[in-house]
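Worksheet: one structure, shown below.
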Amino acid sequence: MYSLRKSVIKYRSQIWVLVCFGVGIFMMCNNLFHSALWGDEWCEYDFSQWPFSGTDWNFYYIVTHTYQPPLYNLIMHFWLMVSKSLKWFRLFNIIPGFISLVALYKSIMELLEKKIYAGISVLLLSCCYQWIYYVQECAEYCLMLMFLFLAIMFWIRLMCKNRAMDYMLFVISIVCAIYSQYGGAIVGIPLICFAFLEGIKNWKDKRKFWIIQFSFAMGAVSGLILYRFFLSIQVARMQEVYSYSIETLNIGMFGDIFLNIGKILHWLYKMPENKYGVLYCVIIGMLFLSVAIWCLYKTWNSLKAKVVMVFLLTYLFHFLLVKSWLYARGAIEERYSLFFLPITVLTVCVIIEFLISEATKIKTCIVIALVVFVFVIFSASKILPNWNKAYDDYIAKIWYENVFNKGYSEKIYFVGYPSYPIIYYLEKYGYDYKSTTRNMTDADVNNETELENEFWIWSTGWGNNNYDLIVDKAKNEGYTVEVFCDFQTKGMLAYCNK
């Protein structure tokens, strides 16, 4: 027993790191396959499998008709060559998720040089509600975050060690982040500015200087290629989209600065809703920005101060873009703000280290530690129950069991978008999609379309209005309507017979 205690004390820092990474791996993998794919995930699944050539509707054509860069779909094109399984599809993001944890740990070790803070950073990321959500979502956001974490790690290294290779890896990471999701450019620009200014200092070392300048030049060329062959085409084809309303205060723009940083933090960690609403977010924003600016002032001319400055510049840049309706459809939060996460976690760790170093009493340190602990536990408790993004797998199983075992008609009237889940599950159960289903468009629903004597009405969620119209029409024409599933926007299924 004594030797065990001695070993624990001797290797306590290593045990701490293992525990933190263990929490991260558990949170990423917990209920990973719990939910069926939802609409956007089905789109990614389908888009990634188009051929590169040979048809008018090829991979390039499909990607340029989306609102995202090509890197995620390109990687998934080859990933899905191994297996078309939905579990294999969802499993991919565990890789960039784990790399993100490692890159964050390395960044904090380089910046603060203490495993306690590096472990805290891993816990803060592992228990971030939105990070886990998008690690478990089959979309480009987790890939973008991985490259941003890597970019920050190389940025810290080049600021500390000034090695030419770190400049190259930093630029590659930033380019890959932007090629994954356009929002990566908003945090990338402040990082690039600091790195560029640092690189200029090497003008006396001609070899290193030209390697650094070449790296930035290649980054610029990559950006121009992305704009020319993807972004410009996507913007030209962009249809009118619905916009979110932005809450504003009577105190105007200045108040919105506090409000919106509070909303971003509130959204990232899924803080509890309360009756105070806007005022609650304003207070959170004021406290966070005040402490960040205090930390910046007290640590001026240090790398920690530059981290805080990157956070503040990123937030200001994003705030102005959103207020000008040039980004994210006017939404200050939502998934389009995920690029904030890497620099936010880094800034929070810098602030925690700063507050503890400024504390004069051990009791103050204990209070700070308890606040962090409670925050992490609360965030984890919001994640562990997990979520159901859609119920198409469950709906398909009910349809099949009633058709195969009870003799119900196999005919499906399908409403909503996309149709990929129905195609996938019908093929899984051995049915032909074209002969089994009828896609009820708006025109079909609004016109006097003759209904068959028996049919299923299946909505994947994006089309509930048409679902309700067909059900009402069936009832008015004397059909018996048996509702099997009513998950609203996550899927609906009913059987109609005369």
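Note that the structure is a prediction, hence the values are computed from the model and not measured. Values reported hereafter were calculated over all heavy atoms of this structure, with side chains retained and with hydrogens, waters and symmetry mates removed.
- For the side chain to side chain donor-acceptor pair (under 3.5 Å) condition, the pairs that include at least one residue of residues 170-193, sequence neighbours left out, are Tyr182-Gln234.
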Using a 3.5 Å cut-off and no angle test, enumerate the donor-acceptor pairs between side-chain atoms of residues 340-347 and protein atoms at least two apart in sequence or in another chain.
{"residue": "Thr344", "atom": "OG1", "partner": "Phe340", "partner atom": "O", "Å": "2.6"}
{"residue": "Thr347", "atom": "OG1", "partner": "Ile343", "partner atom": "O", "Å": "2.6"}

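- Looking at residues two or more places apart in sequence or on another chain, you find no side-chain contact (heavy atoms from CB on, under 4.5 Å) involving Tyr297.
- With sequence neighbours excluded, the residues that form a side-chain hydrogen bond (donor to acceptor under 3.5 Å, both in side chains) with Glu198 are Lys201.
- The salt bridge (Lys or Arg N to Asp or Glu O under 4.0 Å) pairs that include a residue from residues 174-186 number zero, where partners must be two or more places apart or lie in different chains.
- Remark: the Asn73 side chain and the Gln68 side chain contain an N/O donor-acceptor pair separated by less than 3.5 Å.
- Sorted by first then second residue, the salt bridge (Lys or Arg N to Asp or Glu O under 4.0 Å) pairs that include residues 148-167, not counting sequence neighbours, are Glu110-Lys161, Arg163-Asp166.
- Every residue meeting the side-chain contact (heavy atoms from CB on, under 4.5 Å) condition with Asp393, not counting sequence neighbours, appears here in chain and number order: Ala36, Tyr425.
- Among pairs with a residue in residues 82-110, those fulfilling ring pair (Phe, Tyr, Trp, His ring centres under 6.0 Å) read Phe21-Tyr105, Tyr45-Phe89, Trp79-Trp88, Trp79-Phe92, at least two apart in sequence or across chains.
- Evaluation of the side-chain contact (heavy atoms from CB on, under 4.5 Å) rule for Ala185 yields Ile178 as partners, not counting sequence neighbours.
- Under the rule for a side-chain contact (heavy atoms from CB on, under 4.5 Å), the partners of Leu287 that lie at least two apart in sequence or sit in another chain are Ile283.
- The aromatic ring centres of Phe288 and Phe311 sit less than 6.0 Å apart.
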Side-chain donor-acceptor pairs of residues 218-228 under 3.5 Å, sequence neighbours excluded:
{"residue": "Ser222", "atom": "OG", "partner": "Met218", "partner atom": "O", "Å": "2.8"}

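- At most 12 non-hydrogen atoms from other residues, nucleotides or ligands lie less than 6.0 angstrom from NZ of Lys397.
- Listed by first and then second residue, the salt bridge (Lys or Arg N to Asp or Glu O under 4.0 Å) pairs involving residues 299-319 are Lys304-Glu353 (not counting sequence neighbours).
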